[in-house]
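Read the numbers this way: they start at 1 and go in the same order the structure lists the ligands and their atoms. Residue numbers run from 1 in the order of the sequence given.
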Amino acid sequence: MNGYHVPVDRIMQAMEVAGLGELLRLPPFDGLDPEAVRDVLQGFATLAEQVIAPTDRDGDLHGAVLDADTGRVTVPASFHTAHTEFAKGGWIALSAPSHLGGGGFPGVVATATQEMFASANLALSLNPVLTQSAIELLEQWGDDRQQGLYLRRLLDGVWTGTMNLTEPDAGSDVGAVRTTAEPTSDGRWAISGTKIYITWGEHDLTENIVHLVLARVPGGPPGTKGISLFLVPKVLVDDEGHLLEHNRVRCLSLEHKMGINASPTCVLEFDGAIGEMVGPVHGGMAAMFSMMNPARLAIGLEGTAVSERAFQQALAYAQERLQGRAARWTGEGPAPIIEHPDVRRMLVSMAASIDACRLLTFATAIAGDLAKHHPDAEVREQAQRRADLLTPIAKSFPTDQGVRNTSIAVQVHGGMGYVEETGIAQRYRDVRITPIYEGTNGIQAIDLVGRKVAKDQGAAMETLCVEIDETVSRAHAVAGLERAATALERALVALREATAWVVDQGGAASADVLAGATAYQELVGAVTSGHLLIRMACEGSDLDKARATVFAAEHLDRVALLDTVRMGAGTLAVGLGLA
Ligand SMILES: Cc1cc2nc3c(=O)[nH]c(=O)nc-3n(C[C@H](O)[C@H](O)[C@H](O)COP(=O)(O)OP(=O)(O)OC[C@H]3O[C@@H](n4cnc5c(N)ncnc54)[C@H](O)[C@@H]3O)c2cc1C
């Protein structure tokens, strides 16, 4: 079984627990109700199941191909059909404001469609993820001309967007970017330099590509403070958007990767390519962050999306594969392996993790929606703080879980998991990039302990902890959730203790805190998503309660041990013989 069925009910349930109702009561969403949201999701589900998912295996087998003579990249023909249907449906503009020609839906609804797209075909989904992020950037930072010329065509789905940060010596350290921008006589800029790993940096799905590129203008300060942002089209255009000549940007090579084979990962050479500045001079990082934050959320949900697809495959395999005897199996001959308790353990473990990760993603997206759309400025500010706090967690926790869950799905398949034929190995290969790109999960952890926790002395985290206190109290009173409530309570004590320690030690300025940052991030991820899962179970079915109990036992009990957070830099150095 390699198909994909969208769990629309589960997605709706998670959205409602994460706060969809409150969001739909805000003025910009007048006239929208949960049923209208469900209809939209159902519409996209049909596209995901019937049009996008069938292209996934094709992409894995055939990948993207570079013609080294022309620098042109082609992707499988099936991708063209899927992309055309996606563009025709106006899906890319689902959450863009109506005055720009968008659908006016909350961002969380677009987030849910992104999950479906990534489950259906992760490699192809990266194209709209980057375009969507470019749209958010140009909505905020583009001038009228850039919005009329480029943003409009991105929203129409006729052009696509890319994000160009990484260079050979500038990976996690973006401040090391060397690409230059020289002013031209007509007020534009000539961009020169080499960018690597650029996702969908060249392709034949659309006639033009809008590259958003970080570069340095002459005489600026070193580091991130001297970086500006430029819009560099693949093909130059006139003021009406008619295509002129090819710009001086070329794909030199494509990376050969362990997964997402059909997502062209390009080395791009900019050789005096003509571009225009977006945002203020030296304001490139601030502008790029308005693209990176939505991209981080979108990458985070890829962990959930690929886990969901892997879970469905593993469940179907477990129902079909016959092996051994099982205590309660009354049929003739060997039992389907789903009858074995250990196989059930693996499947439920994945299902619980997927629900928890999905809730975390939606809660982060809804915080972003409230920060944008709430009429009360104070609520907007609080929501922004929540979105900022949750972004590194929503990027890291589901992607780490994605690697774990797809590994479990391979295990459910036994030997057939390790051969390519069943298609489950592709999930494991595909998802492995997600903890790496868009800022490695290690870099997210540094952001969390520094900018998100120590900077406000743990205030935003404590506001979240107070909400978790409420979940603990509620869950203690619900039959069937006793064990989960106790585990959450213990993990919350650990989280408060760890947060106080991170703040006392001075956050990212302390080598000891940096040594424990990833463990702290894991603790926050487990507690936050566990709290949402338990909250869902308080009002939920027996299935919800069982999943909350499994998640609590597997994740919350483990992170309640603070030793890894407070391990200390010295222990790590001695452990490597470097002290
Ligand atoms: C398939 C793919 C697609 C990509 N798409 C894009 C794209 O579209 N646009 C784009 O600009 N980039 C893209 N990237 C680049 C990606 O974002 C980087 O690979 C990533 O940010 C890590 O940088 P790096 O590879 O240079 O690793 P490095 O920075 O060399 O990191 C190596 C290891 O060291 C750790 N590390 C580094 N610095 C620190 C530090 N200060 N503290 C603690 N640990 C540290 C990292 O966490 C990591 O574990 C893509 C990469 C891949 C593989």
Side-chain angles (χ1 to χ4, degrees), residues 59 63-64 73 122-134 137 160-179 193-203 209-215 223-224 227 229-230 232 249 251 253-268 270 284-285 288-289 291-292 294-296 298-300 302 392 395-396 399-400 403 429-451 507-521 569 572:
V73 171
L122 182 63
L124 180 58
S125 76
L126 290 170
N127 185 316
V129 160
L130 287 158
T131 305
Q132 181 66 50
S133 308
L137 188 152
T160 64
T162 71
M163 179 194 265
N164 295 249
L165 291 85
T166 309
E167 299 176 7
D169 295 322
S172 299
D173 181 10
V174 183
V177 156
R178 284 193 201 161
T179 296
T194 304
K195 295 287 180 182
I196 61 170
Y197 298 137
I198 304 307
T199 298
W200 286 90
E202 163 58 23
H203 62 81
I209 302 175
V210 177
H211 300 296
L212 289 155
V213 185
L214 291 182
T224 48
I227 293 179
L229 177 69
F230 298 88
V232 184
V249 50
C251 176
S253 62
L254 287 184
E255 304 297 349
H256 297 281
K257 313 187 293 291
M258 70 187 274
I260 53 167
N261 288 339
S263 167
T265 306
C266 305
V267 175
L268 287 187
F270 295 84
M285 284 311 294
M288 193 48 110
F289 261 107
M291 183 167 190
M292 277 153 66
R296 284 182 176 173
I299 301 306
E302 290 173 2
K395 195 277 171 176
S396 58
T399 54
D400 285 338
V403 175
R429 290 187 285 101
D430 277 0
V431 87
R432 189 60 189 87
I433 183 59
T434 60
I436 297 174
Y437 60 16
E438 205 40 62
T440 64
N441 287 0
I443 297 297
Q444 304 298 324
I446 296 171
D447 179 44
L448 178 65
V449 295
R451 273 188 291 237
S510 152
D512 286 335
V513 171
L514 292 179
T518 288
Y520 178 74
Q521 182 167 257
L572 303 184

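Proximity of Thr199 to ligand 1, defined as any heavy-atom pair under 4.0 Å, is shared by backbone and side chain alike. When non-hydrogen atoms are compared, ligand 1 lies under 4.0 Å from the side chain of Lys257 (C-beta onward) but not from its backbone. No part of Thr162 comes within 4.0 Å of ligand 1, judged by heavy-atom distances. Proximity of Thr265 to ligand 1, defined as any heavy-atom pair under 4.0 Å, is confined to the side chain (atoms from C-beta onward).
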Q: Kindly indicate, with the supporting measurements, whether the criterion side chain to side chain contact (heavy atoms under 4.5 Å, CB included) is fulfilled by Phe230 and Thr179.
A: CA-CA 11 Å; Phe230 298 88; Thr179 296; over 6 Å; no
Q: Starting from the C-alpha separation in whole Å, work towards a yes-or-no answer on side chain to side chain contact (heavy atoms under 4.5 Å, CB included) for Met163 and Met288.
A: CA-CA 9 Å; Met163 179 194 265; Met288 193 48 110; 4.0 Å; yes
Q. Could you walk me through whether Thr265 and Tyr437 pass the side chain to side chain contact (heavy atoms under 4.5 Å, CB included) check?
A. CA-CA 12 Å; Thr265 306; Tyr437 60 16; over 6 Å; no
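Distance check on atom 30 (O) of ligand 1: every protein heavy atom falls at or beyond the 4.0 Å cut-off. By the definition of a contact as any protein heavy atom under 4.0 Å away, atom 49 (O) of ligand 1 is not in contact. Distance check on atom 46 (C) of ligand 1: some protein heavy atom falls below the 4.0 Å cut-off. For atom 34 (O) of ligand 1, the nearest protein heavy atom is 4.0 Å or more away.
The side-chain heavy atoms of Tyr197 and Ile433, taken from C-beta on, include no pair separated by under 4.5 Å. Taking the side chain as every heavy atom from C-beta outward, Arg296 and Gln444 approach each other to under 4.5 Å.
At least one N or O atom of Thr440 sits closer than 3.5 Å to an N or O atom of ligand 1.
Of all protein heavy atoms, the one closest to atom 41 (N) of ligand 1 is Ile443 CD1, 4.2 Å. Among all non-hydrogen protein atoms, the one lying nearest atom 25 (O) of ligand 1 is Tyr197 CE1, 3.9 Å.
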Side-chain donor-acceptor contacts of residues 509-518 below 3.5 Å, not counting sequence neighbours, with atom names and distances?
from, atom 1, to, atom 2, distance (Å)
Ser510, OG, Asp512, N, 3.1
Ser510, OG, Val513, N, 3.0
Asp512, OD1, Ala569, N, 2.7

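Looking at Thr434 and Glu302, their side chains never bring a donor and an acceptor atom within 3.5 Å of each other.
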